[in-house]
Every structure is written in C-alpha cells, then in structure tokens.
**Student:** 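One structure coming up, written as structure tokens, with questions to follow.
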Amino acid sequence: MIGQTFPKPCVEQEDLNRYSEAASWCNSNNAAIEDKGEYYEVVPVVVPEPTVEEIKQKLINAVQAWLDEEARSYGYDSIDSTAKYLFCDQPKFKNEAIGFSRWAGAVWDKCYELLDLYEKGQFGIPEANSLIEMLPKLIIEDSE
C-alpha cells in the first residue's frame, strides 16, 4: 500500500473508500497518509532510533518504578517516603527505613555503573527487566 496516491480533494465515493481503507492499514503498519500538495500519498513512518540518553532515561525510570513498587509492598507510598522513618523510635520502621536507604544506594550505584559501561560501548543495553535482575535485592534486617 506504500506509494498509493489519492486525488486532492478526495470527493468521489470510490476514492473516499480507498482513503479510509488506507488510513486503517496505516494505523496497523507504521505508515501515514501524507499531504503532497496536489495529492495524498501513503508513506512509511520513519521512527528514529532512541538516543543513548533516551535509553538511559527509560531505564532509570524503570528502576525508580521498581524501587517505589518494592516500598509500596511494605505499605509505604514510595521509596522516598521510607526516609521519614530513619530517626523514628519504633524499631520496625527504623530498620525498614535503614534497609530501604542502604538498598536504594546500592541499586543506584550498580545501575549507574552498568549505564556508564553501556555508554562506553562495553556493555550491551538490556531491557529494563534484565537490568533490574542485575541489581541488588532488598534485604530488611529483623528488628528483634
């Protein structure tokens, strides 16, 4: 369908039907109908490769979401909300806060180490789930 053209203006029912069919096809096939001035043409949509910075940011966002999800599994709003318990008197919450703080530091240290290797071309960039599998796991010491 790439390269198919339609008259401009597209007023005949046959042309409108073909245009509608082409539009539907474009939605499923990474293509678009482009205005060429005197006519319309079905063209491929070129999706640029993401930049190194875009890839890194996507992975950083995924790691942050993972940290927040782990904190939520303990009843906190996010990893950041665990920090307010670092100086509390209740051992359970204080130990959890210390555990989350140490864990987050270790996670970001390893994450940025791997992202630096990727940026230098010494490490193939993994999918977010693969990267997360390479990061330290949360350990909360028992407060008793």
**Student:** Looking only at non-hydrogen atoms, find the nearest pair between Gly124 and Tyr118 and report the distance.
**Tutor:** C-CD1, 4.5 Å

**Student:** Are Ile55 and Val63 connected, step by step, through hydrophobic side chains (Ile, Leu, Val, Met, Phe, Trp, Tyr) whose heavy atoms are closer than 4.5 Å?
**Tutor:** yes

**Student:** To the nearest 0.5 Å, how far apart are NZ in Lys92 and OH in Tyr85?
**Tutor:** 10.0 Å

**Student:** What is the minimum heavy-atom distance between Ala31 and Ile2, and which atoms define it?
**Tutor:** CB-CD1, 3.9 Å

**Student:** If you look at every heavy atom in Tyr19 and Cys10, which pair is closest and at what distance?
**Tutor:**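 Closest approach of Tyr19 to Cys10, heavy atoms only: CB-SG, 4.1 Å.
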
**Student:** Applying side chain to side chain contact (heavy atoms under 4.5 Å, CB included) to Phe123 and Met134, what does each step give before you reach the verdict?
**Tutor:** CA-CA 13 Å; Phe123 180 73; Met134 293 182 238; 3.7 Å; yes

**Student:** Test of understanding: clusters of I, L, V, M, F, W, Y form through side-chain heavy atoms closer than 4.5 Å, transitively. Do Leu115 and Val52 belong to the same one?
**Tutor:**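 Both belong to a single hydrophobic cluster.
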
**Student:** Under a 4.0 Å N-O cut-off, is there an ion pair linking Lys36 with Glu38?
**Tutor:**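 The answer is no: the pair does not qualify as a salt bridge.
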
**Student:** Rounded to the nearest 0.5 Å, what separates atom CD in Glu34 from atom OH in Tyr39?
**Tutor:**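 Those atoms lie 9.0 Å apart.
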
**Student:** To the nearest 0.5 Å, tell me how far Gln64 CD sits from Asp80 CG.
**Tutor:** 6.0 Å

**Student:** Any side-chain donor-acceptor pair under 3.5 Å between Asn129 and Glu133?
**Tutor:**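 No, no side-chain donor-acceptor pair sits under 3.5 Å.
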
**Student:** Going hydrophobic residue to hydrophobic residue with side-chain gaps under 4.5 angstrom, can you get from Met1 over to Leu16?
**Tutor:**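 Met1 and Leu16: separate clusters.
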
**Student:** I'd like to know if the side chain of Thr82 and the backbone of Ile79 have a donor-acceptor N/O pair within less than 3.5 Å.
**Tutor:**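 Looks like yes, one N/O pair under 3.5 Å.
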
**Student:** Which pair of non-hydrogen atoms, one from Ile132 and one from Ala62, has the smallest distance, and what is that distance?
**Tutor:** CD1-O, 3.9 Å

**Student:** So do Val42 and Phe6 actually touch side chain to side chain, heavy atoms under 4.5 Å?
**Tutor:** yes

**Student:** Side-chain contact test, heavy atoms from C-beta onward, threshold under 4.5 Å: evaluate it for Leu86 versus Ile98 and give yes or no.
**Tutor:**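 Leu86 reaches Ile98 side chain to side chain.
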
**Student:** If you look at every heavy atom in Pro136 and Trp103, which pair is closest and at what distance?
**Tutor:** O-NE1, 2.8 Å

**Student:** Please confirm whether the backbone N or O of Glu70 pairs with a side-chain atom of Ser73, one donor and one acceptor, at under 3.5 Å?
**Tutor:**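 Yes.
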
**Student:** What's the spacing between Leu131 CG and Trp66 CH2 if we round to 0.5 Å?
**Tutor:**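 Rounded to the nearest 0.5 Å, the CG-CH2 separation comes out at 9.0 Å.
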
**Student:** In Å, rounded to the nearest 0.5 Å, how long is the span from CD1 of Ile60 to CD of Glu53?
**Tutor:** 8.0 Å

**Student:** With a 4.5 Å cut-off on side-chain heavy atoms, are Leu138 and Tyr74 touching?
**Tutor:**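 When only atoms from C-beta onward are counted, Leu138 and Tyr74 do touch, with a gap below 4.5 Å.
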
**Student:** Around Lys58, counting heavy atoms of other residues, nucleotides and ligands shown, do more than 12 lie under 6.0 Å from its NZ?
**Tutor:** no

**Student:** Does the Asp35 side chain pair with the main chain of Tyr40, one donor and one acceptor, at a distance under 3.5 Å?
**Tutor:**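 Between the backbone of Tyr40 and the side chain of Asp35 there is no qualifying donor-acceptor contact (under 3.5 Å).
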
**Student:** Could you give the distance from CZ (Phe100) to CZ (Phe93), rounded to the nearest 0.5 Å?
**Tutor:** 12.0 Å

**Student:** Looking only at heavy atoms, what is the nearest atom pair of Ser78 and Asp68, with distance?
**Tutor:** CB-OD1, 3.5 Å

**Student:** Please tell me whether Asn61 and Gln57 have a donor and an acceptor in their side chains that are separated by less than 3.5 angstrom.
**Tutor:** yes

**Student:** Check Glu21 with Arg18, please: is the shortest side-chain N to carboxylate O separation under 4.0 Å?
**Tutor:** no

